[in-house]
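Step one of this worksheet: look at the structure below.
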Amino acid sequence: MNRDVTITIDGVPRRVVEGDLLAAVLLSHDVTTFRRDTHERPRAPLCGMGTCYECRVTVDGVSSVRACLLPVRDGMRVETGR
Amino acid sequence: MNRSHVDVLVVGAGPAGLAAATAAADRGRRVLVLDQAPEVGGQIWRHRDPATLPESARAAIIRARASGVVFATGATVLDAASPTELVIAFGPRTDRVRADTVILATGAVERFLPFPGWTLPGVVGVGGLQALVKGGLSVRGQRIVVAGTGPLLYPVAATLAKAGATLLAVLEQRTLGDLVPFARSTLGDLAKVRDAIRYRAAIGRTPFHHDAWVLAAHGSQRVREVVLRLGSRETTIACDWVATAAGLVPRTDLARLLGCALDGEAVQVDAAQRTTVPGVLAVGECTGVKGEAAGMLEGEIAGAAAAGDDGPARTLARRRAQGIAFGDLLAETFAPRAELLARATPDVLLCRCEDVPVGAVEPAWTARQAKLWTRVGMGACQGAVCGPACTTMFGWEVPQVRAPLGTPTCGAWHAQLTTPTDPPAA
């Protein structure tokens, strides 16, 4: 438990702690644009518990994944709205 | 898609759901408990390491596991074939589960009311920031303002302080005078008094303001400063995070999908926690926010009732009523004050998913008219955020919901759409 693993955030490899929530990991790596609204303004997590959908990102090619509900795993490929 | 059957299906693995599951399993029922989160415990017992939990929480989780309950975490209810047959995304795969009894323990969410800058990254919920920190977000050295209402402020501030954050201020929207009846009622509850003292000590010298709230957040790519109302004065301070909400609201989207009647914003239940839909019970915060102890009691009543045992509904009736009275007092004491409802200028977004500004809706409309004309509440969160805001600000009724709940990933919903219908009974 709590070992370091590697994920890619927008193509850049990052060492992160396995099991941390993806939303927390992205914020800790200074990602503030999880997605963009219709006016291209940045959006990031609001509720932190799966209800607001502001943290949705693309994970391993699957879109609209809520980053606040997903523990990070080794090899995960994450695309944000950046 | 597979179909399976259990005796009791509990949705939500917080204190109330765990208590319900345990009570039913102890009476020989086969019980499945679902939760969206990766761990059981709900929001209040959110944890990575069980050693960090209070003893009572650890004991409740151990007891639930020992009773033979099966847990499915990372599981989201998408739809219902009937009130007692739910369509559930277990990660990327979708299955149907039929149950003799469904027990809703869906908890509460934060009530967010729009203000200028509330969509900026770095503006998060009060419980929201706590959840992210517990999930691994580092806030060491980060400057944070916490602004909300009610007892949740204390443990959140304590969590942030312990995580090394620079807590700039904690704001309670209500005046000190408003809190007198509430404080008086909790003085007799030693556990609550002990918690309050412990949390107050944890936040140390951080200024705690009553009669105070957030007016606006400023920044471009993320929040850089926040404008606060502190009593009669206004002040602007630089910060990295603004954790703010206007209290909690019962989470009832699944209950509404199943056709359960509401009482105000909460699921309506009888003395045995039965909703208005046969076979569907509801417990804990979704029936009214009243805290974990009351929720666990309701869980015990419902879990037993699901196993045909109405004993606890009778023997625990008085304590149940006390829990409800406490919830009523909480709701009355910490209701959002009028100033919080009037912060948004017409250009501020009301519906964050569909980018509908406050100025695009007329308070005189119904929720349904607003949906049809502006798409408010029709985006990814399906009104989970702006629904309670509209109810609070405009007095609109809690809107109906349609499947799917929320926004499933493509894989999960495609599996649901392509399921052949049941063959006719031979």
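Below, read A as the first sequence line, B as the second, and so on, with proteins coming before strands; counting in each chain starts at 1. Predicted model only: the values in this text are computed from it and were never measured.
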Check your understanding: Are B:Asp355 and A:Arg43 ion-paired here, with the side-chain N under 4.0 Å from a carboxylate O?
Key ->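 Salt bridge present between B:Asp355 and A:Arg43.
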
Compile the donor-acceptor pairs under 3.5 Å between side chains in residues 129-140 of chain B and protein atoms, sequence neighbours left out, one pair per line.
{"residue": "B:Gln130", "atom": "NE2", "partner": "B:Thr159", "partner atom": "OG1", "Å": "2.9"}
{"residue": "B:Lys134", "atom": "NZ", "partner": "B:Arg46", "partner atom": "O", "Å": "3.4"}

Requested in this report: First locate atom CZ of B:Phe112, then atom OG1 of A:Thr51, and finally report the distance between them rounded to the nearest 0.5 Å.
Outcome: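 Interatomic distance, B:Phe112 CZ to A:Thr51 OG1, rounded to 0.5 Å: 6.5 Å.
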
Report task. With rounding to the nearest 0.5 Å, note down the distance linking CD in B:Glu110 to CG in A:Leu46. Result ->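 Rounded to the nearest 0.5 Å, the CD-CG separation comes to 7.5 Å.
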
Per-residue contact mode, [X] against chain A (heavy atom under 4.5 angstrom):
| X | result |
| --- | --- |
| B:Val385 | side chain |
| B:Gln43 | side chain |
| B:Arg352 | both |
| B:Thr73 | neither |

For the student: nearest non-hydrogen atoms of B:Cys381 and A:Cys52, plus distance:
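Closest pair (atom of B:Cys381, atom of A:Cys52, distance): CB-O, 3.6 Å.
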
- prompt: So, for A:Ala44 and B:Pro121, which heavy atoms are closest and what is the spacing to 0.1 Å?
  reply: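 Smallest heavy-atom distance, with atoms named: CB-CB, 3.6 Å.
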
Exercise. Under 4.5 Å heavy-atom distance to chain B, tell me which part of A:Val62 shows up: side chain, backbone, both or neither.
Key: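 The answer is the side chain of A:Val62.
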
Using a cut-off of under 4.5 Å for heavy-atom pairs, which of B:Gln221, B:Glu39, B:Gln142 has the most such pairs with chain A?
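Highest number of heavy-atom pairs under 4.5 Å: B:Gln221.
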
Taking every non-hydrogen pair under 4.5 Å, which of A:Val72, A:Leu69, A:Leu70 racks up the most with chain B?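 Ranked by contacts with chain B, first place is A:Leu69.
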
Point to revise | Partner chain B: residue of A:His39, A:Arg35, A:Arg66 with the largest heavy-atom pair count (under 4.5 Å) | key: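 Highest number of heavy-atom pairs under 4.5 Å: A:Arg66.
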
Go through B:Leu349 and A:Arg41 one step at a time and tell me if the side-chain contact (heavy atoms from CB on, under 4.5 Å) criterion holds. CA-CA 12 Å; B:Leu349 293 185; A:Arg41 291 170 298 210; 3.9 Å; yes

If only atom types and distance count, is the side chain of A:Tyr53 paired as donor or acceptor with the main-chain N or O of B:Cys353 below 3.5 Å?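 Not at all, since once roles are kept as given, no pair shorter than 3.5 Å links the two residues.
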
Partners meeting side chain to side chain donor-acceptor pair (under 3.5 Å) with B:His47 (sequence neighbours left out):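 Counting only residues at least two positions away or on another chain, B:His47 forms no side chain to side chain donor-acceptor pair (under 3.5 Å).
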
Hey, are the side chains of B:Pro38 and A:Leu21 touching, using non-hydrogen atoms and a 4.5 Å cut-off?
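Contact flag for B:Pro38/A:Leu21 side chains = yes.
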
